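Naming convention: chains lettered A, B, ... in sequence-line order (proteins, then strands); numbering from 1 in each chain. When reading the values below, keep in mind they use all heavy atoms of this one structure, side chains included, and skip hydrogens, waters and symmetry mates. Because the structure is a prediction, the values reported are computed rather than measured.
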There are 2 protein chains.
Amino acid sequence: MTRVLVIDDEQPILRALRINLAAHKYEVSTAADGASGLAAMARDRPDVLILDLGLPDMDGTEVIKGVRGWSSVPIIVLSAWGQESAKIAALDAGADDYVTKPFGMGELLARLRVALRRASPAPDEPVITTGDITVDLAAKRVLRAGADVRLTPTEWQLLEVLVRNRERLVTQRQLLQEVWGPEYGTEGNYLRVYMAHLRRKLEADPSGPRYLRTEPGIGYRFTCAGSEVSPPGGRSS
Amino acid sequence: MTRVLVIDDEQPILRALRINLAAHKYEVSTAADGASGLAAMARDRPDVLILDLGLPDMDGTEVIKGVRGWSSVPIIVLSAWGQESAKIAALDAGADDYVTKPFGMGELLARLRVALRRASPAPDEPVITTGDITVDLAAKRVLRAGADVRLTPTEWQLLEVLVRNRERLVTQRQLLQEVWGPEYGTEGNYLRVYMAHLRRKLEADPSGPRYLRTEPGIGYRFTCAGSEVSPPGGRSS
DNA sequence: GACCGGCGTTAAGACGGCGTCAAGATCGGC
DNA sequence: GCCGATCTTGACGCCGTCTTAACGCCGGTC
């Protein structure tokens with residue numbers, strides 16, 4: 001879950017933020033002054049920081065600089081004052097955004113989404129590693145025992161769908177529609193041909209696959225914890 | 001110099017922005033409606049976009065989506081209306097920041113600095129060296145075996161995109177859109193011609209490229225650890 | 001024990017992509 | 001206005017990929 005740290009000394013605002021953020025499935029921690037806020041930053045390692053400039057013990061820009069000294073976490077600044085110079089100072093100190101009170105909660109949440117969207121260019125794990133196969137979804141690259149494996153476009157698309165749904169069973173219909181298009185759904189032939197290609201390129205023993213498993217009558221499954229092909233009798237799933 | 005594109009239909013604001021931005025050493029281009037704004041985006045390739053939501057011909061979020069379809073340049077939205085729903089829609093459509101009129105020029109400039117600061121995550125080596133090729137992204141120079149290589153503008157742009165995504169597979173569509181513009185996407189011809197140019201200038205054996213690899217049916221990849229072209233041996237298909 | 005359907009495997013032909021070359025169009029400098 | 005460099009566009013041969021069909025094997029079913 002996404003973690004948010006709120007540093008603010010005004011109880012009503014703190015309470016409103018905590019309720020609204022929690023309602024949107026954020027994990028919220030809070031601090032009431034700059035010193036404890038910096039300590040909380042180091043301790044909790046939040047994914048984003050919401051910081052009120054009007055703290056009792058420190059100047060807001062000092063808090064920003066303290067954070068920026070070691071972290072590049074997104075910082076959204078809140079402020080009750082409309083002073084433009086304070087805004088500029090905070091932004092130039094390293095803040096990512098600045099919201100003036102009173103603000104709408106919807107707007108703050110939207111700016112939060114922007115900050116998080118930018119901070120995470122990798123929405124999902126781009127690299128999947130099994131015993132001796134490594135699949136890099138971002139680079140569109142497959143390594144087997146450290147060596148590059150050349151895949152054709154169709155082979156790659158098929159592998160990508162399976163890896164994105166790793167450990168899960170993918171039906172033939174779903175595979176056909178995601179790789180060949182929505183009008184396909186019955187051409188089980190294609191799957192058999194291309195699964196054979198993939199197994200020949202990736203499996204040590206193509207006829208006894210460890211990673212690219214067949215689920216008879218239903219579909220296929222890419223499994224990471226590829227145990228040896230169990231001899232008849234030792235199956236336990 | 002940093003290039004800024006301003007899309008706004010109100011002449012006074014356009015004028016004020018042009019003067020202030022030019023005074024801070026930005027290179028400013030302008031457009032007065034959404035359609036010509038999108039065209040200017042493709043033509044001028046600015047480093048940041050300032051967009052007014054109240055355009056005469058298109059909805060602001062449509063402009064944002066049109067840009068986001070092929071570019072990730074920072075977008076700062078201006079708006080005369082205080083409507084929170086419009087803010088949220090713009091931010092979720094892909095905008096990076098939102099400033100409500102009337103705004104202070106100092107604040108806008110500070111938010112501009114934030115957007116640009118974030119957009120240039122190039123503190124890491126702008127110089128990439130492989131076996132005998134050195135690419136200096138900052139100086140826009142290419143050395144091969146220590147000697148300067150003259151590239152035409154298009155050749156350089158193509159090489160730059162590939163090197164920025166080194167080791168990663170870049171699709172033909174992405175290359176075409178980043179080099180030629182968003183309206184291109186199917187002209188695979190251009191890529192073949194210019195890849196041939198680059199290979200002739202950079203590769204020892206242009207027909208057996210070590211660095212500028214083709215991924216048939218998908219795109220191209222610049223690879224640093226350029227191993228020799230694998231001699232035909234383990235191929236079976 | 002015979003039948004049948006699903007799966008793996010292989011092979012062959014059609015098709016499209018890629019590299020290459022060259023000529024025309026366009027732009028900018030002198 | 002001329003000339004060179006650069007970009008665009010078309011054509012062509014080759015090779016890899018996709019499609020499709022056929023066959024054997026194994027399981028389950030009757």
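Side-chain N/O atoms of T223(B) and Y211(B) include no donor and acceptor closer than 3.5 Å. Side chains of R199(B) and T214(B): a donor-acceptor N/O pair is present below 3.5 angstrom, by distance only. With no hydrogens or angles considered, a side-chain donor-acceptor pair links T30(B) and R18(B) at under 3.5 Å.
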note = Once base and sugar-phosphate atoms are separated, protein heavy atoms under 4.0 Å mark nucleotides 9-27 of chain C, 5' to 3', with B, S and - as BB------SBBBB------
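Phosphate contact (OP1/OP2 of dA5(D), side-chain N/O of T152(B), threshold under 4.0 Å): absent. Taking only side-chain nitrogens and oxygens, Y194(A) comes nearer than 4.0 Å to OP1 or OP2 of dC18(D). Between dT19(D) and W180(A), a contact under 4.0 Å exists linking OP1 or OP2 to a side-chain N or O. The shortest distance between the side-chain N/O atoms of T154(B) and the OP1/OP2 oxygens of dC7(D) is below 4.0 Å.
In this structure, the ring of W156(B) has its center no less than 6.0 angstrom from the ring center of Y194(B).
Counting heavy atoms from C-beta on, the side chains of F222(A) and V170(A) never come closer than 4.5 Å. Contact of the V99(B) side chain with the I76(B) side chain is registered, since non-hydrogen atoms from C-beta on lie closer than 4.5 Å.
A tilted orientation is assigned to the rings of Y184(A) and Y190(A), their planes being inclined by 30° to 60°.
Across the helix from dG1(C)-dC30(D) to dC30(C)-dG1(D), the helix axis at one end is tilted relative to the axis at the other end by 30° (nearest 10 degrees, each axis from five pairs).
Residue-to-nucleotide proximity on DNA chain D shows that, of P153(B) and P153(A), the 5′-proximal contact is made by P153(B). Residues E187(B) and L151(B) both approach DNA chain D. Their nearest nucleotides, taken by heavy-atom distance, put L151(B) toward the 5′ side.
In this structure, E155(A) atom CD and dT19(D) atom P are separated by 12 Å, rounded to whole Å. Atom-to-atom, CH2 of W156(A) to P of dC18(D) comes out at 14 Å; the value is rounded to the nearest Å. Between the CG atom of L198(B) and the C1' atom of dT6(D) there is a distance of 14 Å, given to the nearest Å.
Looking at residues two or more places apart in sequence or on another chain, you find a side-chain contact (heavy atoms from CB on, under 4.5 Å) between D52(B) and D8(B), E10(B), K101(B).
Using a 4.0 Å cut-off between charged nitrogen and carboxylate oxygen, E155(B) and K201(B) count as a salt-bridge pair.
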